Amino acid sequence: MCEINIQYHKTKIGELILGSYKNKLCMLDYRYRKMRTTVNKRIKNGLNAEFIEQDNAVLQTTRQQLREYLCGERKQFDIPLLMIGTDFQKQVWRALLEIDYGKVATYLDLAKKIDNAKAVRAVASANGANSIGVIIPCHRIIGSNGKLVGFAGGLHVKKKLLNLEKENSILSNTIQF
């Protein structure tokens, strides 16, 4: 059986579980989220692999880039990703990757982006199943009423991430050379 290398990583946004498979990141998720068992099962079954607690270059790079992001020094990640899910979920996750740093969108915006405006609930479900949080920025999705809605790390963490991006977007937009 193949192996998914995992590491646990404590950050100021909570304890995360990072996973890589064949030199690609397949998981950056909250260790204690409600759907932990479901997400783990989907990844293990999708790759026909088991978790092995072992570090590697992809996980080291992920930790470094995540630290830079959380310090406001990085706006884009350049880590190779391996999305494990249905074709529909992957379509939603790819659309999430197109939401710019410091910006937000609604589930309806995301559904329209994938040319399926009637699939708002399915889009919300796929968003919630994202196992590569922060890098695939599901935290940038808000309710159609402008309020914060579900997030694996908790709404307080979602707010913290959005505020971090907003502050750094404002700073970068006001710097004059």
Side-chain angles (χ1 to χ4, degrees), residues 1-71 73-99 101 107 110 113-114 119 121-141 149-158 160-162 164-165:
M1 184 162 278
C2 295
E3 297 177 356
I4 302 162
N5 292 341
I6 65 162
Q7 290 281 284
Y8 299 104
H9 181 54
K10 291 184 180 180
T11 71
K12 63 184 177 182
I13 59 167
E15 189 169 359
L16 305 172
I17 179 172
L18 311 177
S20 73
Y21 180 80
K22 294 188 178 181
N23 298 314
K24 291 185 178 182
L25 187 72
C26 62
M27 185 168 33
L28 189 168
D29 207 359
Y30 292 88
R31 184 173 183 183
Y32 300 107
R33 74 180 285 186
K34 289 179 184 173
M35 292 177 54
R36 174 83 278 125
T37 303
T38 304
V39 171
N40 288 354
K41 185 177 178 182
R42 184 183 77 232
I43 291 171
K44 287 178 180 182
N45 290 345
L47 296 172
N48 192 29
E50 287 296 324
F51 291 160
I52 303 294
E53 199 167 338
Q54 183 173 315
D55 205 7
N56 63 29
V58 171
L59 300 179
Q60 291 167 9
T61 300
T62 301
R63 287 193 301 274
Q64 178 61 37
Q65 290 190 18
L66 187 59
R67 269 191 295 280
E68 293 166 0
Y69 168 85
L70 292 173
C71 289
E73 299 165 1
R74 174 177 290 277
K75 294 182 180 180
Q76 290 187 313
F77 294 87
D78 58 4
I79 297 165
L81 303 179
L82 178 61
M83 299 177 199
I84 311 299
T86 66
D87 289 342
F88 180 81
Q89 287 172 327
K90 291 176 191 177
Q91 184 181 23
V92 170
W93 300 334
R94 283 190 293 275
L96 282 168
L97 286 167
E98 295 178 26
I99 302 171
Y101 182 97
Y107 293 120
L110 205 51
K113 180 80 174 161
I114 64 167
R121 287 179 188 254
V123 164
S125 180
N127 194 61
N130 177 22
S131 63
I132 308 176
V134 181
I135 294 176
I136 298 177
C138 54
H139 62 279
R140 295 181 188 152
I141 299 299
V149 291
F151 185 64
L155 292 183
H156 66 289
V157 174
K158 183 174 193 161
K160 190 182 285 191
L161 292 172
L162 291 174
L164 169 82
E165 291 185 8

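Small disclaimer: the values here were computed from a predicted structure and weren't measured.
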Looking only at heavy atoms, what is the nearest atom pair of [X] and [Y], with distance?
| X | Y | value |
| --- | --- | --- |
| V123 | I114 | CG2-CD1, 3.9 Å |
| G19 | I6 | CA-CG2, 4.1 Å |
| A119 | F88 | CB-CZ, 4.2 Å |
| G133 | C138 | CA-SG, 4.5 Å |
| I132 | L82 | CD1-O, 3.7 Å |
| L47 | C26 | CD1-SG, 4.3 Å |

Value rounded to 0.5 Å, distance of [atom1] in [X] from [atom2] in [Y]:
| X | Y | atom1 | atom2 | value |
| --- | --- | --- | --- | --- |
| Q7 | N56 | CD | CG | 8.0 Å |
| T62 | R67 | OG1 | CZ | 10.5 Å |
| D29 | I43 | CG | CD1 | 7.0 Å |
| S131 | Q89 | OG | CD | 9.0 Å |
| L25 | L59 | CG | CG | 7.0 Å |
| L28 | S20 | CG | OG | 11.5 Å |

*Apply side-chain contact (heavy atoms from CB on, under 4.5 Å) to I99 and I141, showing your working.*
CA-CA 9 Å; I99 302 171; I141 299 299; 3.6 Å; yes

*Report the C-alpha distance between N127 and Y107 in whole Å, list the side-chain angles of each, state the deciding distance to 0.1 Å, and finish with yes or no for side-chain contact (heavy atoms from CB on, under 4.5 Å).*
CA-CA 9 Å; N127 194 61; Y107 293 120; 3.7 Å; yes

Short side-chain to backbone donor-acceptor contact, [X] and [Y], under 3.5 Å:
| X | Y | answer |
| --- | --- | --- |
| R42 | I84 | yes |
| N130 | I136 | yes |
| T61 | A57 | yes |
| W93 | A126 | yes |

*salt bridge (charged side-chain N to carboxylate O under 4.0 Å, His left out): which pairs involve residues 8-17, sequence neighbours left out?*
E15-R31

*Tell me the salt bridge (charged side-chain N to carboxylate O under 4.0 Å, His left out) pairs involving residues 79-98, sequence neighbours left out?*
E98-K113

Are any of the side-chain heavy atoms of [X] and [Y] separated by less than 4.5 Å?
| X | Y | result |
| --- | --- | --- |
| M27 | N40 | yes |
| L16 | L66 | yes |
| I13 | H139 | no |
| I79 | Q65 | yes |
| Y101 | Q76 | no |
| Y8 | E53 | yes |
| P137 | L97 | yes |
| D55 | Q60 | yes |

_Partner of E68 by salt bridge (charged side-chain N to carboxylate O under 4.0 Å, His left out), out of R74, R63, K75_ = R74

*Quick one: sort the Y69 and F77 rings into parallel, tilted or perpendicular, breaks at 30° and 60°.*
tilted

*How would you list, by chain and number, every residue that makes a side chain to side chain donor-acceptor pair (under 3.5 Å) with Y32, sequence neighbours excluded?*
none

